[in-house]
Colleague: 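Here it is, the structure, as structure tokens.
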2 protein chains.
Amino acid sequence: MAEKDLKIYHGADECPITATIDVIGGKWKAPIIWLLMKSPTRFGELHKTIPGMALKVLSRTLKELEADGIVIRKAYPEVPPRVEYSLSPKGETLRPVMALMSNWSRVHIMGEVGTEEVF
Amino acid sequence: MAEKDLKIYHGADECPITATIDVIGGKWKAPIIWLLMKSPTRFGELHKTIPGMALKVLSRTLKELEADGIVIRKAYPEVPPRVEYSLSPKGETLRPVMALMSNWSRVHIMGEVGTEEVF
DNA sequence: CGGTATCCATATGGATACTG
DNA sequence: CAGTATCCATATGGATACCG
């Protein structure tokens with residue numbers, strides 16, 4: 001790891017890791033991004049697929065992800081309406097980050113072994 | 001990325017990324033871990049170094065990190081008391097994760113360039 | 001279908017005072 | 001010095017109803 005990566009940032013505002021956590025953190029962003037990494041998904045399907053998440057929370061979370069440039073919202077002018085959410089190119093760049101985090105948890109939280117060589 | 005890394009986890013409970021975020025996420029955990037990655041630090045120094053974080057929050061956050069096995073609390077039986085927090089070996093394994101997250105934010109949020117080759 | 005609005009419960013955050 | 005306890009403000013979460 002390069003020296004600058006050890007630079008100490010005071011507070012939460014300037015901490016680059018916190019900045020990343022603001023984008024993918026919280027209770028629901030990771031599962032949503034994870035789903036969208038597989039394929040573009042409609043609002044209702046996200047709601048069905050992620051149990052326990054209130055409509056309001058899904059709506060707000062998607063707006064935040066859109067504002068951060070991670071997901072793209074595409075509305076089809078049909079009746080009944082159809083809205084599809086997909087990963088933006090910037091969202092795609094999160095793939096290795098998510099993969100490393102997933103791997104870390106599987107090894108160090110869930111106790112799996114032999115997956116370190118994946119990355 | 002291996003196929004299994006694309007496995008879809010429903011909800012927040014089973015999502016391995018969420019599991020990682022539970023450990024390093026929230027408003028203050030990353031800055032604290034970041035500081036401890038540099039050197040073991042005393043309670044009061046953490047409090048001084050991270051402005052805006054209430055004592056209560058620092059205390060609770062450290063307890064969570066300790067419960068998750070990320071930090072080690074060492075109390076010296078002196079008067080006045082001295083308590084030093086340091087990264088555990090498990091906490092050390094977070095280093096590449098934190099570094100990748102830091103790098104992602106610097107490139108994709110703060111707009112820096114030329115740092116991709118670090119990892 | 002894809003949301004928003006509303007209401008309410010709970011969780012989290014921050015300041016200050018206090019204790020071992 | 002290293003926390004806890006208390007009080008209060010604000011934020012977040014969830015259920016339901018409603019709208020374009």
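Note on naming: letters A, B, ... go to the chains in the order of the sequence lines (proteins, then strands), and numbering restarts at 1 for each one. Note that the coordinates shown come from a computational prediction; the quantities given were computed from them, not determined experimentally. Atom set for the values below is all heavy atoms of this structure, side chains included, hydrogens, waters and symmetry mates excluded.
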Colleague: Let's see if you can work this out: which of C/dG14, D/dA2, C/dG2 has an atom nearest to the side-chain heavy atoms of A/Phe43?
Modeller: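 Ranking C/dG14, D/dA2, C/dG2 by closest atom to the A/Phe43 side chain puts C/dG2 first.
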Colleague: Does a side-chain N or O from B/Arg60 land closer than 4.0 Å to OP1 or OP2 of D/dG3, or not?
Modeller: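 No, B/Arg60 has no side-chain N/O under 4.0 Å of OP1/OP2 on D/dG3.
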Colleague: Of the residues in residues 62-85 of chain A, which ones touch DNA chain C at a heavy-atom distance under 4.0 Å?
Modeller: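 By residue number: A/Lys63, A/Arg73, A/Pro80, A/Pro81, A/Arg82, A/Val83, A/Tyr85.
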Colleague: For A/Leu55, is there any backbone N or O sitting under 3.5 Å from a side-chain donor or acceptor partner on A/Ser59?
Modeller: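 Here the side-chain-to-backbone pair does not exist.
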Colleague: Distance check, rounded to the nearest 0.5 Å: A/Ile24 atom CD1 versus A/Ile33 atom CD1?
Modeller: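 It comes to 6.5 Å.
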Colleague: OP1, OP2 of C/dG2 versus side-chain N and O of A/Lys56: anything below 4.0 Å?
Modeller: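 Checking C/dG2 against A/Lys56, no side-chain N or O comes under 4.0 Å of OP1 or OP2.
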Colleague: Looking at C/dG3, I'd like to know if its phosphate oxygens (OP1 or OP2) sit under 4.0 Å from a side-chain N or O belonging to A/Ser59.
Modeller: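 It does not, given that no N or O in the side chain of A/Ser59 lies less than 4.0 Å from OP1 or OP2 of C/dG3.
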Colleague: If you only use heavy atoms from C-beta on, which nucleotide in C/dG3, C/dA17, D/dG14 is closest to the side chain of B/Leu55?
Modeller: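 The nucleotide sitting nearest to the side chain is C/dA17.
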Colleague: Could you tell me whether the side chain of A/Trp34 reaches within less than 4.5 Å of the side chain of B/Ile17, counting heavy atoms only?
Modeller: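 A side-chain contact under 4.5 Å exists here.
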Colleague: Would you say B/Thr20's side chain and A/Ser102's backbone share a donor-acceptor pair under 3.5 angstrom?
Modeller: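 Between the backbone of A/Ser102 and the side chain of B/Thr20 there is no qualifying donor-acceptor contact (under 3.5 Å).
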Colleague: Using a 3.5 Å distance criterion without hydrogens, assess whether the side chain of A/Lys90 forms a donor-acceptor pair with backbone atoms of A/Val71.
Modeller: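 Not a single qualifying donor-acceptor pair exists.
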Colleague: Under a 3.5 Å distance rule, please check whether A/Ser105 uses its side chain to pair with a backbone N or O of B/Ala19 as donor and acceptor.
Modeller: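 Not a single qualifying donor-acceptor pair exists.
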Colleague: CE of A/Met53 versus C1' of D/dT16: gap in Å, rounded?
Modeller: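 Result: 17 Å.
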Colleague: Please report the distance, rounded to the nearest Å, between CD in B/Glu45 and P in D/dG3.
Modeller: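 To the nearest whole Å, that distance equals 14 Å.
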Colleague: With no hydrogens and no angle check, is any side-chain donor or acceptor of B/Thr41 less than 3.5 Å from a backbone partner on B/Ser39?
Modeller: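 Here the side-chain-to-backbone pair exists.
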Colleague: Taking distance alone, no hydrogens or angles, what donor-acceptor pairs closer than 3.5 Å link side-chain atoms of residues 77-85 of chain A to residues at least two apart or in another chain?
Modeller:
residue : atom : partner : partner atom : Å
A/Tyr85 : OH   : A/Arg73 : NE           : 3.4

Colleague: I need the NZ-C1' distance between A/Lys29 and D/dG13, as an integer number of Å.
Modeller: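 Nearest whole value for this atom pair: 15 Å.
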Colleague: For C/dG2, does either OP1 or OP2 sit under 4.0 Å from a side-chain N or O belonging to A/Arg42?
Modeller: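 Yes, because at least one side-chain N or O of A/Arg42 sits under 4.0 Å from OP1 or OP2 of C/dG2.
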Colleague: Measure across A/Pro16 and B/Arg106 and return the closest heavy-atom pair with its distance rounded to 0.1 Å.
Modeller: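 Looking at all heavy atoms of both residues, the shortest contact is CB-CG, 4.2 Å.
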Colleague: In whole angstroms, how far is the P atom of C/dG2 from the NE2 atom of A/His47?
Modeller: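 Between P of C/dG2 and NE2 of A/His47: 12 Å.
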Colleague: To the nearest Å, how far apart are B/Leu58 CG and C/dT12 P?
Modeller: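 Nearest whole value for this atom pair: 17 Å.
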Colleague: Using five base pairs at each end to define the local axes, how bent is the helix from C/dC1-D/dG20 to C/dG20-D/dC1, to the nearest 10°?
Modeller: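 Axis-to-axis angle, ends of the helix: 50°.
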